[in-house]
Amino acid sequence: GENVEQHPSTLSVQEGDSAVIKCTYSDSASNYFPWYKQELGKRPQLIIDIRSNVGEKKDQRIAVTLNKTAKHFSLHITETQPEDSAVYFCAAESAGGTSYGKLTFGQGTILTVHP
Amino acid sequence: DAGVTQSPTHLIKTRGQQVTLRCSPKSGHDTVSWYQQALGQGPQFIFQYYEEEERQRGNFPDRFSGHQFPNYSSELNVNALLLGDSALYLCASSPWVGSGNTIYFGEGSWLTVV
């Protein structure tokens, strides 16, 4: 089955700096890669996603890049703000057969943005 | 348009008891998946229901079972509760057809087993 590795496990930055979180996946058939932000005690909230037919997607201060050949994808947050502090999870959806809708998550990255 | 709704939000059970958690998917979605998120970890896939059948299952014992109703809502049942079952249980919904559909999570049900 799919395996997703996420790094780093913790990330501490100063307000205004950029933050980068990286994930690798094992199943070359995976073709959907969402990123979730989870604040303490709350559900994971989708912040951006990318599908395998594109290499990069941007939404204001957040961008995601995908390298299907190398089987890795990354989250980039620019001009970080204290409210960006949370746990971030990457995930991959296996494709084909009956695998639709099953997400495999990374271990999470605790992002702390210091004012 | 209601999103994914779950109930109850919090509950406390004793070891050996049984629990039932409920989920209503987002309007227009016919597929419901359940995830377990232990403290400090990412969500782990339990199983998925479509057309009232279990379609996929993760690495969870038979104590975890589910059901989907004709209106697409779903239940997660856990029997013979263990302390290690304490976690946030998340319901996710999506359309069945095709891959790459956005998957929406409910607020979750916090289960504490004492």
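Lettering follows sequence order; numbering is per chain, from 1. Only this structure's heavy atoms are used, side chains among them; waters, hydrogens and symmetry mates stay out.
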Exam field: side chain A:Arg43 to backbone B:Phe105, donor-acceptor pair closer than 3.5 Å: yes

Within one Ile-Leu-Val-Met-Phe-Trp-Tyr cluster: A:Val20 and A:Phe73, side-chain cutoff 4.5 Å: no

Close side-chain approach of A:Tyr32 to B:Thr102, heavy-atom, < 4.5 Å: yes

Atom CG of B:Leu83: over 12 foreign heavy atoms under 6.0 Å: yes

Centroid-centroid under 6.0 Å between B:Phe45 and A:Phe105 rings: no

Side-chain donor/acceptor of B:Tyr35 to backbone N/O of A:Leu103, under 3.5 Å: yes

From B:Gln37 atom CD to A:Gln38 atom CD, the distance as rounded to the nearest 0.5 Å: 4.0 Å

Within 6.0 Å of NZ in A:Lys68, more than 12 heavy atoms from elsewhere: yes

Distance in Å, A:Lys102 NZ paired with B:Phe47 CZ, rounded so as to fall on 0.5 Å steps: 13.0 Å

Shortest non-hydrogen contact from B:Gly42 toward A:Phe89: CA-CE2, 3.2 Å

Separation of B:Ile103 CD1 from A:Tyr36 OH (nearest 0.5 Å): 5.5 Å

Over 12 non-hydrogen atoms of neighbours within 6.0 angstrom of CD in A:Glu79: no

Same apolar cluster: A:Tyr88 and A:Val4, side chain cutoff 4.5 Å: yes

Segment of A:Pro34 engaging chain B (4.5 angstrom heavy-atom cut-off): neither

Crowding at CD, A:Glu83 (>12 non-hydrogen neighbours, <6.0 Å): yes

Spatial distance of atom NZ (A:Lys42) from atom CD (B:Glu107) [nearest 0.5 Å]: 8.0 Å

Cluster check A:Leu66, A:Val54: I/L/V/M/F/W/Y, side chain < 4.5 angstrom: yes

